[in-house]
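One structure below.
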Amino acid sequence: MRPTGRLHLGNYVGALENWVHLQDDYENYHLVADWHTLTTDYEHTRQIPGNILEMVTDWIAAGIDPEKSPIFVQSSVKAHAELYLLLNMIVAKGRLERNPTLKDQVRDLELEDAVTAGHLTYPVLQAADIMMYKGEVVPVGEDQLPHIEVTRELARRFNNLYAPDAPVFPEPEGLLTRFPRLQGLDGRRMSKSLGNTILLADSPDEISAKLRKAVTDPQKVRKNDPGRPDVCLVFGYHQKFNEAETAEIRSGCESGALGCVDCKRRCAERIVEHLTPIHERRRDLEAHPARVIEVIAEGNRRANEVAALTMSEVHAAMGFGV
Ligand code: AMP
């Protein structure tokens with residue numbers, strides 16, 4: 001994940017919650033993709049360290065156990081830059097230009113001709129991030145699947161070119177949650193750059209106030225108008241945070257018995273309930289900021305060890321070193 005500060009519910013239900021569940025069954029590596037923030041925000045580097053601490057605090061508060069699964073920072077493991085360079089040599093420029101996520105970003109951020117070489121090649125850096133730890137499964141939101149495909153192609157290409165008899169890299173699979181594309185409060189995909197988020201760290205009052213303003217079915221104007229839950233983003237939130245009551249909410253909305261104000265209030269309550277233990281852990285961590293810094297230092301150490309082993313296999317496969 002890129003450290004853009006505090007995380008939103010889309011990051012949580014699309015990826016982070018899955019990381020927490022998977023850490024019992026997999027050997028997880030949790031990478032803070034700080035170089036990746038430069039793809040679109042290269043002018044603002046001073047805020048990155050603070051954003052890293054905010055994000056890692058959210059990760060640990062959400063239940064990542066750093067002893068089980070290292071949390072580390074991309075720019076502290078320089079081997080990522082080397083593998084990125086090597087992979088850039090074997091990927092076609094046209095392949096990267098076809099990346100649909102890049103096309104979405106160019107449209108949303110109105111970049112047009114301002115796309116940098118680093119932005120174009122960021123799926124290659126992401127491939128290096130995954131391949132460095134021989135990733136087999138990558139738990140991400142839907143927008144990331146095209147990048148996992150680039151990673152699969154690069155792993156295959158590297159193996160075919162340099163290690164046909166003893167492949168160095170597995171071809172990773174993307175792993176989606178039930179909510180791979182959570183909507184934001186305006187109905188578009190929840191995203192910090194669109195300003196339509198509920199943050200994991202938002203207070204109960206902030207969550208209620210934000211939900212009150214959420215867009216609902218435009219055909220449901222008055223309380224007793226029948227609504228269409230499947231076009232309403234608030235119903236999507238109920239499906240995630242209020243599973244037990246979704247049937248009742250659906251029928252109430254469809255019949256007109258349940259108005260949007262009540263529906264949103266109930267939704268806010270369930271979200272707050274879900275986030276309360278995360279908020280408690282966050283407060284505890286905020287009182288001990290040195291703990292987060294220690295977690296990252298230890299994660300960097302563990303990640304560098306694994307990266308050194310992978311790079312020695314890469315060097316051997318490519319015939320580098322005398
Ligand atoms: P990013 O902030 O782009 O680095 O995203 C971090 C992770 O959160 C990625 O796995 C994304 O796919 C996921 N993610 C971001 N926004 C959403 C969303 N609205 N719904 C589901 N997953 C998301």
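Read the numbers this way: they start at 1 and go in the same order the structure lists the ligands and their atoms.
In the displayed structure, Arg181 atom CZ is contacted under 6.0 Å by at most 12 heavy atoms of other residues, nucleotides or ligands. Sparse packing is recorded around CZ of Arg222, with 12 or fewer heavy atoms of other residues, nucleotides or ligands lying under 6.0 Å away. Remark: Gln47 CD is packed, more than 12 non-hydrogen atoms of other residues, nucleotides or ligands lying under 6.0 Å away. Heavy atoms from other residues, nucleotides or ligands lying under 6.0 Å from CD of Glu136 number 12 at most. The 12-atom threshold is exceeded at CZ of Arg265, counting heavy atoms of other residues, nucleotides or ligands nearer than 6.0 Å.
In this structure, atom 23 (C) of ligand 1 lies nearest to the protein heavy atom Gly10 O, 3.3 Å. At the shortest separation from atom 4 (O) of ligand 1 among protein heavy atoms lies Arg2 N, 3.0 Å. Here the heavy atom of the protein found nearest to atom 9 (C) of ligand 1 is Gln144 CG, 4.0 Å. In terms of protein heavy-atom proximity, atom 8 (O) of ligand 1 is closest to Asn11 ND2, 3.2 Å. Of the protein's non-hydrogen atoms, Met1 CG, 3.1 Å is the one closest to atom 6 (C) of ligand 1. In terms of protein heavy atoms, atom 20 (N) of ligand 1 is closest to Leu182 N, 2.8 Å.
Atoms of ligand 1 found under 4.0 Å from any heavy atom of Phe179 (numbered from 1 in listed order, with element): 21 (C). Short contacts between ligand 1 and Gly14, defined as distances under 4.0 Å to a heavy atom of the residue, involve ligand atoms 21 (C), 22 (N). In the vicinity of Ala15, heavy-atom distances shorter than 4.0 Å reach the ligand 1 atoms 10 (O). Ligand 1 places these atoms under 4.0 Å from at least one heavy atom of Gly141: 10 (O), 11 (C), 12 (O), 22 (N).
The distance from the CE atom of Met190 to the CG atom of Leu182 is 5.0 Å, given to the nearest 0.5 Å.
If you look at Arg181 next to ligand 1, the close heavy atoms, those under 4.0 Å, all belong to the backbone. Contacts with ligand 1 closer than 4.0 Å are made by no heavy atom of His36, backbone or side chain. Both the backbone and the side chain of Val140 come within contact range of ligand 1, each with a heavy atom under 4.0 Å.
Under the 30°/60° scheme for interplanar angles, the aromatic rings of His80 and Phe72 are found to be tilted.
Residue-ligand proximity: Asp143 is placed with a non-hydrogen atom under 4.0 Å from ligand 1. Residue Ser191 places no heavy atom under 4.0 Å from ligand 1.
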**OP:** Test Trp59 against Met1 for side-chain contact (heavy atoms from CB on, under 4.5 Å), laying out the working first.
**Re:** CA-CA 10 Å; Trp59 285 3; Met1 264 188 214; 3.6 Å; yes

**OP:** Tell me, with the steps shown, if Tyr84 and Tyr122 meet ring pair (Phe, Tyr, Trp, His ring centres under 6.0 Å).
**Re:** CA-CA 9 Å; Tyr84 165 62; Tyr122 81 88; over 10 Å; no

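Where the criterion is an N or O separation shorter than 3.5 Å, residue side chain and backbone included, Pro139 fails it with respect to ligand 1. Inclusion of Arg189 in the set of residues having an N or O under 3.5 Å from an N or O of ligand 1 is warranted.
Under the 4.5 Å side-chain contact rule for hydrophobic residues, Val306 and Tyr26 do not share a cluster.
Side-chain contact annotation: Thr177 with Asn18, donor-acceptor N/O pair under 3.5 Å absent.
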